[in-house]
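Here's the structure we're looking at; comments come further down.
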Number of protein chains: 2
Amino acid sequence: MTPPRRMTLKDLARELGVSTASISNAFNRPDQLSPTLRERILSEAARLGYSGPDAKARSLRTGRSRIIAVVLAESLTYSLNDAVASEFLSGVAEVLDAHGHTLLLLPGRGHDSQPAGSANIADGFIVYGLMPNNQLLNRLPAQRPIVSVDFDVDDCPTVHIDDSEASYHIACHALKQQPRRPAIINLRLTKEACNGRVTPEHTLLPNTSTISRARLEGFHTALSEHGLDTQQVPLWNIEENTFEVCGPVLAELLDQPEHQRPDLLLCMSDRIALTALTLAEQRGIRVPEDLRITGFDGIAEGQYRAPRLTTVRQDSEGKGRVAAQMILGLLPAEQQLLKTELLLGDTCP
Amino acid sequence: MTPPRRMTLKDLARELGVSTASISNAFNRPDQLSPTLRERILSEAARLGYSGPDAKARSLRTGRSRIIAVVLAESLTYSLNDAVASEFLSGVAEVLDAHGHTLLLLPGRGHDSQPAGSANIADGFIVYGLMPNNQLLNRLPAQRPIVSVDFDVDDCPTVHIDDSEASYHIACHALKQQPRRPAIINLRLTKEACNGRVTPEHTLLPNTSTISRARLEGFHTALSEHGLDTQQVPLWNIEENTFEVCGPVLAELLDQPEHQRPDLLLCMSDRIALTALTLAEQRGIRVPEDLRITGFDGIAEGQYRAPRLTTVRQDSEGKGRVAAQMILGLLPAEQQLLKTELLLGDTCP
DNA sequence: CTGTTAGCGCTTTCAC
DNA sequence: GTGAAAGCGCTAACAG
């Protein structure tokens, strides 16, 4: 009885009485051998159960794996359940797939740990939404292309949107109605973990390169231009963009006495806005009459419902596509700024 | 000027004047060398920019890549935007990550195409929601572990839920209220693509091993037991579990004359149920007074809203965890049947 | 504890 | 066209 070892290219060559080079060529370079021989090799290979060159050996030999890794800021568990991150991955996957590449998912886990050893099998890295100071970047294998998304890294091509401009625009729209008590609900704005009202004790993350600060800046500019004192506008913060974490914070906010409760919520994500909307509905607070709400992201969930969310649509899938194209060299490796669009829904008409 | 070639283990060995084995051991087997030497090697490696053994070479040598592939039924673009699939992937990722493995995503694309060449780098495969007749299975490299999820494959460990039982239970609950015109909204039930009412012209997919048929069977059993003629209960079908595809079908259903419009929708997914709910709200159809709706899956979106969806919760993340544990050999490779739970929401109290 | 060495399976010159 | 041979970077036996 023969050992049940997986058949190798060499085995097949011996079996067919041809050289290993011909087998290799049959699979990789059709022009290097006669069609007849190629046919014979391919059909015999199928018959004998040889399913093509081993990817491990091939990638060692050629130096390329046809695998692109996406490094996600948060844990995979979180990212995969976040609509924005999922859409982004969709876009990446679509392009990679169309070009015969596959997608390896790497967690950014913690703040400065090593990426898994198998990470460096990838031909290139797309780094999504990581904090700029994250050590992880330096730990990625050098010499291989990196594209960063949603934040700037030195000497690294980037794809992102103009967060402060988009925030400015949606805030301007919301402020047309002259709110008496606007509030801003931030996402990961503070250095210390904070789920609730932001107080003077909290320090904010650096105002360069963090999404939250850019969006906050846009909101503040709009508020100032409308004659409001930004110091007077309460800031709330949320650490994680999930129902579970948003819920209690927004409940606390909405359960304030009515004369104190905000009448406009500028939210930094659709998830936050949708949670606010649900909780308002449960409390009989009318949207938009008693409370106007704006979101950010434009996820499907906010648009296929009644009332529809007023928000900024960012093309996350498009971001993914551009990032993938850049990493594959199909697009020049430069800064790419994607457009956003104001979606006028029912929560802040 | 030295060539900018990536530093190899051998280079480092020469540089430090030690053997390659020691370098390798420093990274892989701490007990095989003195702590002093190990420290020196590690720190020098960091200083000289050697970021550890190359994954391609290592995997060729050891035969293992520490990469597990998940083969998704649909395109990645679709799967990543589907809450159920995303939750499943979350569960897989969580376990893999905890055990130093990484996740490679493979599209099932089409019905019988080759998996990408780089696929066979994986140490094992988790096959999610594929049709049982899919050729893809045979194309996966032999000799490597496979776990299938949500459908049965010969000689292949599987994790799934009892779809027909769960459907039976939720239908029994819904039928307590004696609906006059129940309808069933299926997901991929017919052989031919069909978005709308299922007619006698349509042939259904085989009743073995397809989720839809199992769920339909559960619904039918419950209907019969409640004295209803299953032949009289209209079947509708939807091909893709997205807002875009569900919308028109459910609009057509809801826009029927009132005396003809169903007063109970047994939906095969939460996405379908949520779309029905939104469209009903837009039309002023009261839920649950005029129309009761049940879903299937128990996604967060259906629970963190008002009214809450009545549905069956299946633990997709748990499925992912179990599948990952099986593929890593942490759990015996056998049939695993996960529990489901009836969630009584507001759409069918 | 350390060093030498033989491949893992493949691709790709290069000579025929 | 085809075949022989070198070696991608690493690990694990084994010998010292």
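Quantities reported herein were computed from a predicted structural model and do not represent experimental measurements. Labels below follow one simple rule: chain letters A, B, ... track the order of the sequence lines, proteins then strands, and each chain is numbered from 1.
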So side chain to side chain donor-acceptor pair (under 3.5 Å) across residues 34-45 of chain A, not counting sequence neighbours, yields A/E44-A/R47
Provide, to the nearest angstrom, the distance between the [atom1] atom belonging to [X] and the [atom2] atom belonging to [N].
X: A/D11; N: C/dG9; atom1: CG; atom2: C1'; answer: 10 Å
X: A/L16; N: D/dT2; atom1: CG; atom2: C1'; answer: 14 Å
X: B/D54; N: C/dC8; atom1: CG; atom2: P; answer: 19 Å
X: B/R64; N: D/dG9; atom1: CZ; atom2: P; answer: 23 Å
X: B/L9; N: D/dT11; atom1: CG; atom2: C1'; answer: 9 Å
X: A/R61; N: C/dC10; atom1: CZ; atom2: P; answer: 13 Å
X: B/K10; N: C/dT4; atom1: NZ; atom2: C1'; answer: 12 Å
X: B/R14; N: D/dG9; atom1: CZ; atom2: P; answer: 12 Å

The side chain to side chain contact (heavy atoms under 4.5 Å, CB included) partner of A/S22 among A/L9, A/I41, A/L12, A/L16 is A/I41
* To do: Tell me yes or no: between the side chains of A/S118 and B/S65, is some donor less than 3.5 Å from an acceptor?
  => no
Under a 4.0 Å heavy-atom cutoff, the residues of residues 20-33 of chain A touching DNA chain D are A/T20, A/A21, A/S22, A/Q32, A/L33
- Task: Look at the aromatic rings of B/Y50 and B/F27 and report parallel, tilted or perpendicular, splitting at 30° and 60°.
- Result: perpendicular
Closest to the 5' end of DNA chain C, once B/G17 and A/R58 are matched to their nearest nucleotides, is B/G17
Exercise. Give a yes/no answer on whether the side chain of A/T8 brings an N or O atom under 4.0 Å of OP1 or OP2 in C/dG9.
Key: no
At less than 4.0 Å, is any side-chain N or O atom of A/Y50 found next to OP1 or OP2 of C/dG9? Yes or no.
no
Practice prompt. Dump the intermediate steps for salt bridge (charged side-chain N to carboxylate O under 4.0 Å, His left out) on B/K10 and B/E15, then the final yes or no.
Written response: CA-CA 8 Å; B/K10 210 187 224 166; B/E15 203 81 31; over 6 Å; no
Does A/E94 come within less than 4.0 Å of A/R321, counting only side-chain N to carboxylate O?
yes
CG of A/N81 to CG of B/L89, rounded to nearest 0.5 Å, is 9.5 Å
